Structure formats: structure tokens, C-alpha cells
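Here's the structure we're looking at; comments come further down.
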Amino acid sequence: MRDVTTAQPLDVQPTPLALLLLGREADPKSERGVECPGDLPSPSDPDLVERARAAKEKLGDKVFVLGHHYQRDEVIQFADVTGDSFKLARDAAARPEAEYIVFCGVHFMAESADILTGDDQKVVLPDLAAGCSMADMATAEQVAECWDVLTEAGVAEATVPVSYMNSSADIKAFTGKHGGTICTSSNARRALDWAFEQGEKVLFLPDQHLGRNTAVRDMGMSLDDCVLYNPHKPNGGLTVEELRAAKMILWRGHCSVHGRFSLDSVEDVRARIPGVNVLVHPECRHEVVAAADYVGSTEYIIKTLEAAPAGSKWAIGTELNLVQRLANRFAGEGKEIVFLDRTVCFCSTMNRIDLPHLVWALESLAEGNLVNRIQVDPETESFAKLALERMLALP
């Protein structure tokens, strides 16, 4: 057996990929930098919680901390408010006295907060590597090329873009510039109703599943009314005839967490837990949504469990941090809450915001050093805000 006490240490250097995943390096091919300057506290530092409290107390009303539902418990405990992405952006806009908005979420959420808050407020993302795989599936260049394809097919003038909140500021700006609106998972039906009053077709960005589920499940369309635009294929992989016949042109994007749930997951949990209620997010695949008992946004999921009777059993198809938090919250009421899939799946980009990053950001701000500011350029902000305002005006 090798004597580990005398073995020479391995000369191991972190690879660029490892540094990128740790939020300590930048990918030159990425649209967004992911550098995190400064030294982070060690994750094993036993004083991290106290350091976070002390820095937050020192900042006082100057800082407002937002925590998305999918964040770790160690981070969510320091949030002044919790919620989904749009609720948090609105909460930030309602606190004009806060000089710093620390957004414990992902990049597109911080962008939305910057768009909706005052020019004198500064939005901070504790780790710039906290992106969103779904939002990154639609770039400004790809969407502009898609619009050219629709124009050449003669359908652009009849098409209204509707973009999910889970999109970059660039995509929101494209949507505003072309007469469209933003939607959330809770008001997607209203957004699509509005869009079809403006035109004959909808280009739905960037989550194909939310678009398909809303159109088919909620609005009575058929799957044949929907076509899938693949930005990696010529003309999106579609013919002119297919584009002209479609009502819903769905972008080929998805959530890496919700996309993993399958029909097998639903059948398996029903076999394991007799009488279980299956409750899933509309970002799940269409066959999963069709097989579920309840479907709704993150806020809907929380409210449904709050109203559920004691002793009821639930399998939840959404991010694991939230499911675990809800299971702990309602255990005392006798509600059994489990994760829909047997395989554990956190949102890896949400989990980049950990306690060391939060402490580093708060302590830097407390010392007068502005770090990791998220700032949308004025032109992009103007058109993106227009799209968001159209959503706010929905009946």
C-alpha cells in the first residue's frame, strides 16, 4: 500500500475549464465575462455567516438582497425578499432608497433588475459566472438571423415575438423593438392572447416547452400548429411552407433542470407512492405536463402546497433546492413532498452563488468597492423596458 504520509504532492494545475466552472476565469468565446476579481473567503471558513451578517448590517438600508427560490439555503437566509425572477426585479424597483441591489440569482435576472431600477442604483451579481443555460440558447445574432428567415418567408410582418423572462437583455430588446412582449410562466397565456390580437403568428423565445405547453394545454392548439426553429440549422431546419402554416414558431431552447424530467419519472413516482399528486413547472416537456396532475409557475407550486391538506403526498418537478426547502417547511403539517426524479438535480448556475461569493460581494460593498456590477447599455435598456412595460400592461 502506498504511504500517503510520505508521497510527494501532485503537481496539478487547474484547467481553464475548471477555472471557468469555479467562476475564476473568462471564456473568450462567451458573450459575457465570468471573471470574479478579488479573493473569496474559504468555503470552510466557520465565520462566514457572521461575516455576512456584519457586512449586511454595516451597509444597512444601502443594500437590498434578493434571493431567487432556487438558491441554496445558506444564501437565501440573507435575502430581504425571495421570489421568482420577475417578482424580484419588481421588488428591487420598489426600493429606490437602496443604493446596491445584490441579486442572488443568475445573469438575466440581474439585467432585468438593472432595467427596472433607477439610474443611481447599482445591481450586483455575486458571481458573474452565474448564467442561465436556457437564456444562453438564444443570442442576439441568432435571433436577428431568424427574423431574416421569417422576412424572406414573407411571415415576419404577421409575427409577434413573445420572449420568456428567462432571456438576456438583448433578446428582450429585440422583442420590444419588433412590437412584442415579455411573459412569465404565470402569465404566458395572457401574453399569447395579446400577441394573437396583434398578429397571426408568434415567435416564442427561448423556451420551447413553455411555449408549446401554453399553446396546446392552455389555448387548445394542436401540436401541428407548432414548429421548432433550430438556430443551428439553415433556415432553422424549416421550410417556407412550414413557417407559413405554423401559428407558434418555437425557439429550440430549454431549461436544463426541468428538461430532465420524463414520462418515466412520472410513472415511477406513481408506482412508488400510491395517491401521490404530481405537480410540475410548465418548463417541463409536453408529455410530462400532460401526465401531471397540476402544472404551474414557481409561485403556483408554493401556493398549491400551502393550500394542500395535511397528509397529502406530492412529487414536484422543479429545482431541487426549492423542493427540499418546501419539504422541510411542510413536514410538520404531515405533507410528504419528494423530488419527481430519482436523480438529484440542482440548477448548477444558480448554485454558483454560494456563501463565499455573497460574503465577498457584501464585504466589498461595505468597504466602498463596487464589484460585479451588471449594467445594461442605454439603447438595449430602452427597448427591453418597452417589452417589459407591454407585459405590465397586459389585462
Side-chain angles (χ1 to χ4, degrees), residues 32 68-72 83-89 104-112 129-139 142-143 162-168 171-172 182-188 191 204-218 226 228-232 248 250-266 278-292 294-302 315-324 326 339-341 343-353:
R32 305 186 182 101
H68 191 272
H69 286 307
Y70 297 168
Q71 288 292 306
R72 310 160 181 253
D84 60 16
S85 57
F86 184 60
K87 175 183 180 297
L88 293 176
C104 297
V106 293
H107 199 281
F108 79 80
M109 299 178 186
E111 284 184 329
S112 297
C132 171
S133 58
M134 180 202 293
D136 291 342
M137 288 177 189
T139 67
Q142 290 173 332
V143 176
V162 175
S163 292
Y164 190 22
M165 191 72 181
N166 299 28
S167 59
S168 69
I171 302 307
K172 290 184 177 72
I182 307 302
C183 75
T184 68
S185 52
S186 58
N187 71 2
F204 195 89
L205 300 151
D207 179 27
Q208 59 170 304
H209 300 305
L210 177 62
R212 184 182 295 107
N213 289 328
T214 305
V216 176
R217 181 179 182 272
D218 299 339
C226 308
L228 190 63
Y229 183 95
N230 185 341
H232 303 292
M248 291 285 293
L250 305 171
W251 192 264
R252 189 175 181 270
H254 65 276
C255 169
S256 57
V257 171
H258 293 106
R260 71 173 292 107
F261 298 115
S262 66
L263 189 56
D264 287 342
S265 303
V266 177
V278 177
L279 171 57
V280 303
H281 195 282
E283 289 176 22
C284 293
R285 300 170 187 265
H286 180 66
E287 59 268 24
V288 173
V289 165
Y294 302 89
V295 181
S297 66
T298 303
E299 296 291 341
Y300 172 86
I301 290 172
I302 295 170
I316 311 300
T318 193
E319 204 273 341
L320 185 56
N321 273 311
L322 175 60
V323 177
Q324 287 184 327
L326 292 171
F339 191 57
L340 177 58
D341 196 14
T343 306
V344 171
C345 187
F346 293 97
C347 177
S348 59
T349 48
M350 281 280 187
N351 271 268
R352 292 185 191 273
I353 308 295

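Note that this is a predicted model, so its numbers are computed, not measured.
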Practice prompt. Begin with the C-alpha distance, continue with both residues' side-chain angles, and end with the deciding distance and a verdict on side chain to side chain contact (heavy atoms under 4.5 Å, CB included) for Ile353 and His68.
Written response: CA-CA 11 Å; Ile353 308 295; His68 191 272; over 6 Å; no
Grab the two heavy atoms, one from [X] and one from [Y], that are nearest each other, plus how far apart they are.
{"X": "Ala191", "Y": "Val162", "result": "CB-CG1, 4.2 Å"}
{"X": "Ser297", "Y": "Ser186", "result": "OG-CB, 3.8 Å"}
{"X": "Asp341", "Y": "Ser265", "result": "OD1-OG, 3.5 Å"}
{"X": "Val289", "Y": "His281", "result": "CG2-O, 4.1 Å"}
{"X": "Val288", "Y": "Ser262", "result": "CG2-C, 3.5 Å"}
{"X": "Ala130", "Y": "Gly105", "result": "CB-O, 3.7 Å"}

Side-chain heavy atoms of [X] within contact of [Y], under 4.5 Å:
{"X": "Tyr300", "Y": "Ser185", "value": "no"}
{"X": "Leu326", "Y": "Ile316", "value": "no"}
{"X": "Ser167", "Y": "Leu205", "value": "no"}
{"X": "Val295", "Y": "Asn213", "value": "no"}
{"X": "Val323", "Y": "Leu340", "value": "no"}
{"X": "Met134", "Y": "Glu283", "value": "yes"}
{"X": "Asn166", "Y": "Ser85", "value": "yes"}
{"X": "Val106", "Y": "Tyr70", "value": "no"}

Discussion item. Would the distance check show the side chain of Trp251 and the main-chain N or O of Ser163 forming a donor-acceptor pair, the cut-off being under 3.5 Å?
Written reply: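 Side chain of Trp251 to backbone of Ser163: no pair is present.
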Discussion item. Donor-acceptor pair, distance only, cut-off 3.5 Å: does the side chain of Gln71 make one with the backbone of Met350?
Written reply: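 Looks like yes, one N/O pair under 3.5 Å.
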Item to complete: I would like to know whether Thr318 and Ile301 meet side chain to side chain contact (heavy atoms under 4.5 Å, CB included); could you show each step before the answer?
Response: CA-CA 9 Å; Thr318 193; Ile301 290 172; 4.1 Å; yes
Discussion item. Once you measure the plane-to-plane angle for Phe261 and His258, does it fall in the parallel (<30°), tilted (30-60°) or perpendicular (>60°) bin?
Written reply: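 Ring orientation, 0 to 90° scale: tilted.
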Rounded to the nearest 0.5 Å, what separates atom [atom1] in [X] from atom [atom2] in [Y]?
{"X": "Asp84", "Y": "Glu299", "atom1": "CG", "atom2": "CD", "answer": "5.0 Å"}
{"X": "Arg72", "Y": "Cys347", "atom1": "CZ", "atom2": "SG", "answer": "11.0 Å"}
{"X": "Cys255", "Y": "Tyr164", "atom1": "SG", "atom2": "OH", "answer": "8.0 Å"}
{"X": "Gln208", "Y": "Met248", "atom1": "CD", "atom2": "CE", "answer": "11.0 Å"}
{"X": "Met165", "Y": "Phe108", "atom1": "CE", "atom2": "CZ", "answer": "7.5 Å"}
{"X": "Cys132", "Y": "Met109", "atom1": "SG", "atom2": "CE", "answer": "7.0 Å"}

Fill in: Working for side chain to side chain contact (heavy atoms under 4.5 Å, CB included), residues Arg212 and Leu228
CA-CA 10 Å; Arg212 184 182 295 107; Leu228 190 63; 4.1 Å; yes
Item to complete: Kindly indicate, with the supporting measurements, whether the criterion side chain to side chain contact (heavy atoms under 4.5 Å, CB included) is fulfilled by Arg252 and Met137.
Response: CA-CA 8 Å; Arg252 189 175 181 270; Met137 288 177 189; over 6 Å; no
